[in-house]
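No hydrogens, no waters, no symmetry mates; every other heavy atom, side chains included, goes into these values. In what follows, every chain begins at residue 1, and chains take the letters A, B, ... in the order their sequences are listed.
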Number of protein chains: 2
Amino acid sequence: MLNSHPDTHPAQGIVTQLRAYLAQTDLPDDGRLPPERELSAALGVSRTELRKALDVLEAEGQLWRHVGKGTFMGSRPLDTFADIAALARRSNPAEVMRARLVIEPEITRAAAFTATPAAISEMRLCLTRSRQAETWRQYEGWDTRLHRTIAEATQNSLLLGLFDTLNAVRRAVTWGRLRTAPVRPLPTHHSFAEHDAIVDAIEHRDMAGAAAAMRAHLQTVERKLLEKQMRAANED
Amino acid sequence: MLNSHPDTHPAQGIVTQLRAYLAQTDLPDDGRLPPERELSAALGVSRTELRKALDVLEAEGQLWRHVGKGTFMGSRPLDTFADIAALARRSNPAEVMRARLVIEPEITRAAAFTATPAAISEMRLCLTRSRQAETWRQYEGWDTRLHRTIAEATQNSLLLGLFDTLNAVRRAVTWGRLRTAPVRPLPTHHSFAEHDAIVDAIEHRDMAGAAAAMRAHLQTVERKLLEKQMRAANED
DNA sequence: ATATAAACCAAAAAGCAATTGGTCGTTTAC
DNA sequence: GTAAACGACCAATTGCTTTTTGGTTTATAT
């Protein structure tokens, strides 16, 4: 009825019409444009033709669509670059250790500012349990839980998420054969005193001290790891 | 006040009763045990007393609980927070800002140590382009790229991945209506000088200075954001 | 005093209806 | 005759409500 003269390719005209609409219309913050059914009615074209025009713009990369979600301007948001497996593949133990040295002291510093008494007593529990551990596996469990409790104490779910990601990559990265010995942790294990120092600093709201203690602890872990690596290399 | 009294008599019996129940009962695959209300009825004890017993077992690390989920045997599954959308849903602009303040200065510090001349000249390019930006969208593009170039300069793919995660969450979080104004960035925009200071410090291998400059920059951004929020609130 | 029962709370889950891009079949128009 | 238009349907997704669940508080009773 309306376009009684199909002189040119009709789709092309609808594309320009759609471009004009997008240029002059205020889109919401997320760049979402109206659903196809509404838009086709607003533009006075059929949904079929509108979809052809949208196909063109999508091929040009100017918008992206998804069933149930809608149609959005801009480029499709890259989903989950935080793929643990991919990260672990690209990374290596040395990088993980350096990343921990960058991230965890600052998380500890923040935790010293925000930790609740409940969080601190949970840290103390981890200290006690890790000392009572009969196997290295148990010890590692409490050690991991201590570090995560510190991250939780920041009361920042995003920081906690980043910590978890870091932790997941740490476990996923191949640490070669340098694994824990089957003997039980000795009471002179370096981490005990270092963990105590960290929690003490947090309890005293000593932000600088907490960060320094965590950094010192991780540096010790790094050194021990290198020594193990050396020994393993010499055994070959 | 906490555990001055061992109070072995009442709770201890329920703990053993609960242990016996857990030993003889077939739990589902996920290790979930009945809700407290059912379990207390089944064991013939009050919920208060059952909860005391559950507290003991939880402190021992034999089970974990979560509101809305339930109570489960074993150790709490370290929920892999790699999902950007889930993180964004749990987080908020204030958390994102705080997380940036915790993470990015240290990344900048590390970058000051490892940045190559090529990386530094790319940072300089971002500075120039951001000054030439005609729209806020363009400016944001170069600003984002500058920050990412700094993260790349750490030459640590894991740190870069964590930065990307942080950045993705930042974009995914709903910033409400406080969006960029449609005017072009003024030459007196605070970020210009601050960005310069960051890159200068990196170029001079001044790790402490680079971290401080980044922290100052982010604090300015935070302040400006709060001002915007205030203004938006007053307009309502 | 202490334990109990009940009520309430917020987080999480489960269920349900509405929305939305994608697809197919039939009808309509020129 | 051919292509557009229309309608119906589908599955993914969202938004909302209701239910469940651990955690907390309050009043009551023993």
Side-chain angles (χ1 to χ4, degrees), chain A residues 1-15 17-18 28 30-59 63-73 76-77 79 116 118-119 122 152 155 157 160, chain B residues 1 4-14 18 28 30-59 63-73 76-77 79 81 83 85-92 172 174:
Chain A
M1 302 149 183
L2 284 177
N3 43 358
S4 53
H5 295 290
D7 44 357
T8 62
H9 287 87
Q12 200 70 5
I14 298 184
V15 168
Q17 187 181 356
L18 181 54
D30 55 356
R32 178 179 194 173
L33 46 98
E36 292 179 356
R37 290 162 177 84
E38 282 182 29
L39 194 51
S40 63
L43 296 181
V45 301
S46 73
R47 190 153 89 103
T48 312
E49 292 304 300
L50 170 64
R51 283 182 55 74
K52 286 182 187 171
L54 287 174
D55 288 342
V56 174
L57 293 191
E58 187 181 26
L63 53 84
W64 61 278
R65 305 183 270 184
H66 198 296
V67 271
K69 279 197 165 90
T71 307
F72 301 83
M73 296 299 297
R76 169 177 274 103
D79 47 350
T116 63
E122 189 176 344
E152 284 176 7
Q155 301 184 38
S157 62
L160 179 59
Chain B
M1 173 166 171
S4 56
H5 198 292
D7 97 274
T8 56
H9 308 296
Q12 201 68 7
I14 299 185
L18 180 56
D30 55 356
R32 179 180 194 175
L33 46 98
E36 293 179 355
R37 290 160 177 84
E38 283 181 28
L39 193 51
S40 63
L43 296 181
V45 300
S46 73
R47 190 155 90 103
T48 312
E49 292 304 301
L50 170 64
R51 283 181 55 73
K52 286 182 189 171
L54 287 172
D55 288 341
V56 174
L57 293 191
E58 186 183 28
L63 55 83
W64 61 276
R65 305 183 271 183
H66 198 298
V67 270
K69 283 198 168 85
T71 307
F72 301 83
M73 297 298 297
R76 167 177 274 104
D79 37 2
F81 253 145
D83 184 9
L87 262 181
R89 213 175 320 113
R90 285 179 177 77
S91 198
N92 56 62
T174 77

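Rounded to 10 degrees, the angle separating the terminal axes of the helix from dA1(C)-dT30(D) to dC30(C)-dG1(D) is 10°, with each axis obtained from five end pairs.
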Would you give me the side-chain donor-acceptor pairs under 3.5 Å for residues 37-46 of chain B, sequence neighbours excluded?
{"from": "S40(B)", "atom 1": "OG", "to": "E36(B)", "atom 2": "O", "distance (Å)": "3.1"}
{"from": "S40(B)", "atom 1": "OG", "to": "R37(B)", "atom 2": "O", "distance (Å)": "2.9"}
{"from": "S46(B)", "atom 1": "OG", "to": "E49(B)", "atom 2": "N", "distance (Å)": "3.2"}

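Rounded to whole Å, the distance from CH2 on W64(A) to C1' on dT13(D) is 11 Å. Between F72(A) atom CZ and dT19(C) atom C1' there is a gap of 12 Å when expressed in whole angstrom units. Here dA3(D) presents its C1' atom at 13 Å from CD1 of I14(A), a figure rounded to the nearest Å. Distance NZ (K52(A)) to P (dT23(C)): 14 Å, rounded to an integer number of Å.
Residues L33(A) and R65(A) have side chains not in contact (no heavy-atom distance under 4.5 Å, counting atoms from C-beta outward). Considering only heavy atoms from C-beta on, E58(A) stays 4.5 Å or farther from T71(A) through its side chain.
Of all heavy-atom pairs between W64(B) and H66(B), the closest is CZ3-CB, 4.0 Å.
Here R51(B) contributes atom CZ and T48(B) contributes atom OG1; the two are 8.5 Å apart, rounded to the nearest 0.5 Å.
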Each nucleotide N or O in nucleotides 18-25 of chain D that has a protein N or O under 3.5 Å away: list the pair and distance.
{"from": "dT21(D)", "atom 1": "O2", "to": "G68(B)", "atom 2": "N", "distance (Å)": "3.2"}
{"from": "dG22(D)", "atom 1": "OP1", "to": "T71(B)", "atom 2": "N", "distance (Å)": "3.4"}
{"from": "dG22(D)", "atom 1": "OP1", "to": "T71(B)", "atom 2": "OG1", "distance (Å)": "3.1"}
{"from": "dG22(D)", "atom 1": "OP2", "to": "E36(B)", "atom 2": "N", "distance (Å)": "2.9"}
{"from": "dG22(D)", "atom 1": "N7", "to": "R37(B)", "atom 2": "NH1", "distance (Å)": "3.0"}
{"from": "dG22(D)", "atom 1": "O6", "to": "R37(B)", "atom 2": "NH2", "distance (Å)": "2.9"}
{"from": "dG23(D)", "atom 1": "OP2", "to": "R51(B)", "atom 2": "NH1", "distance (Å)": "2.8"}
{"from": "dG23(D)", "atom 1": "OP2", "to": "R51(B)", "atom 2": "NH2", "distance (Å)": "3.4"}
{"from": "dG23(D)", "atom 1": "OP2", "to": "R65(B)", "atom 2": "NE", "distance (Å)": "3.4"}
{"from": "dG23(D)", "atom 1": "OP2", "to": "R65(B)", "atom 2": "NH1", "distance (Å)": "3.1"}
{"from": "dG23(D)", "atom 1": "N7", "to": "R47(B)", "atom 2": "NH2", "distance (Å)": "3.4"}
{"from": "dG23(D)", "atom 1": "O6", "to": "R37(B)", "atom 2": "NH2", "distance (Å)": "3.3"}
{"from": "dG23(D)", "atom 1": "O6", "to": "R47(B)", "atom 2": "NH2", "distance (Å)": "2.4"}
{"from": "dT24(D)", "atom 1": "O4", "to": "R47(B)", "atom 2": "NH2", "distance (Å)": "3.3"}

